[in-house]
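Input: a single structure, listed below in structure tokens.
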Amino acid sequence: MWHRNDGGAGMGQSWEETETAGCDLGDVRLNRRLGTILEALGERPGKSLPTAFQDWSNRPCCTKFIRSVADP
């Protein structure tokens with residue numbers, strides 16, 4: 001999913017993985033969704049969430065993530 005190596009990240013880790021290494025949202029799926037969201041925003045900085053997700057199938061994951069984190 002998000003395994004590119006940008007050089008500045010840890011050994012074989014993307015910057016998203018490095019930044020969220022200590023993050024535990026209580027559900028593996030939420031942790032993965034956070035990585036997906038960060039990756040999309042990192043590829044399109046300054047864009048809105050809907051614009052950042054070029055693939056329509058990823059937009060519901062963003063909505064679910066925000067709802068899950070906002071109302072645990």
Side-chain angles (χ1 to χ4, degrees):
M1 178 186 302
W2 38 297
H3 294 291
R4 81 171 185 266
N5 187 356
D6 288 346
M11 297 283 293
Q13 288 185 323
S14 68
W15 70 268
E16 299 93 350
E17 290 171 317
T18 302
E19 289 297 318
T20 61
C23 182
D24 181 11
L25 298 173
D27 187 326
V28 175
R29 294 169 297 177
L30 291 176
N31 293 343
R32 267 196 313 259
R33 285 184 189 135
L34 176 59
T36 301
I37 291 167
L38 290 176
E39 180 180 25
L41 292 173
E43 290 174 358
R44 295 163 197 87
K47 300 293 183 185
S48 66
L49 287 173
T51 305
F53 289 102
Q54 298 294 312
D55 180 6
W56 279 92
S57 66
N58 284 327
R59 291 178 186 187
C61 96
C62 183
T63 303
K64 283 183 179 182
F65 176 82
I66 293 169
R67 286 182 181 157
S68 296
V69 174
D71 188 25

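Reckoned from all heavy atoms, side chains included, excluding hydrogens, waters and symmetry mates. Predicted, not measured: the structure shown is a model, and the values here were computed from it. For this chain, numbers begin at 1 and follow the sequence in order.
- Of all non-hydrogen atoms in W15 and L38, the two that sit nearest each other are CZ2-O, 3.5 Å.
- Within 6.0 Å of atom CZ in R44, more than 12 heavy atoms from other residues, nucleotides or ligands are found, so the atom counts as buried in its surroundings.
- With rounding to the nearest 0.5 angstrom, the CG atom of D27 is 7.5 Å from the OG atom of S68.
- For L41, the side-chain contact (heavy atoms from CB on, under 4.5 Å) partners two or more places apart in sequence, or in a different chain, are I37, L49, A52.
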L25/F65 under side-chain contact (heavy atoms from CB on, under 4.5 Å): CA gap, chis, key distance, verdict:
CA-CA 10 Å; L25 298 173; F65 176 82; 3.5 Å; yes
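- In this structure a side-chain-to-backbone donor-acceptor pair under 3.5 Å is present from S14 to E17.
- Scanning all heavy atoms of the two residues, the minimum distance from A40 to F53 falls at CB-CE2, 3.6 Å.
- Nearest heavy-atom pair, E16 versus T20, reported as atom, atom and distance to 0.1 Å: O-OG1, 2.7 Å.
- Between atom CG of residue L34 and atom CZ of residue R29 there is a gap of 15.0 Å, rounded to the nearest 0.5 Å.
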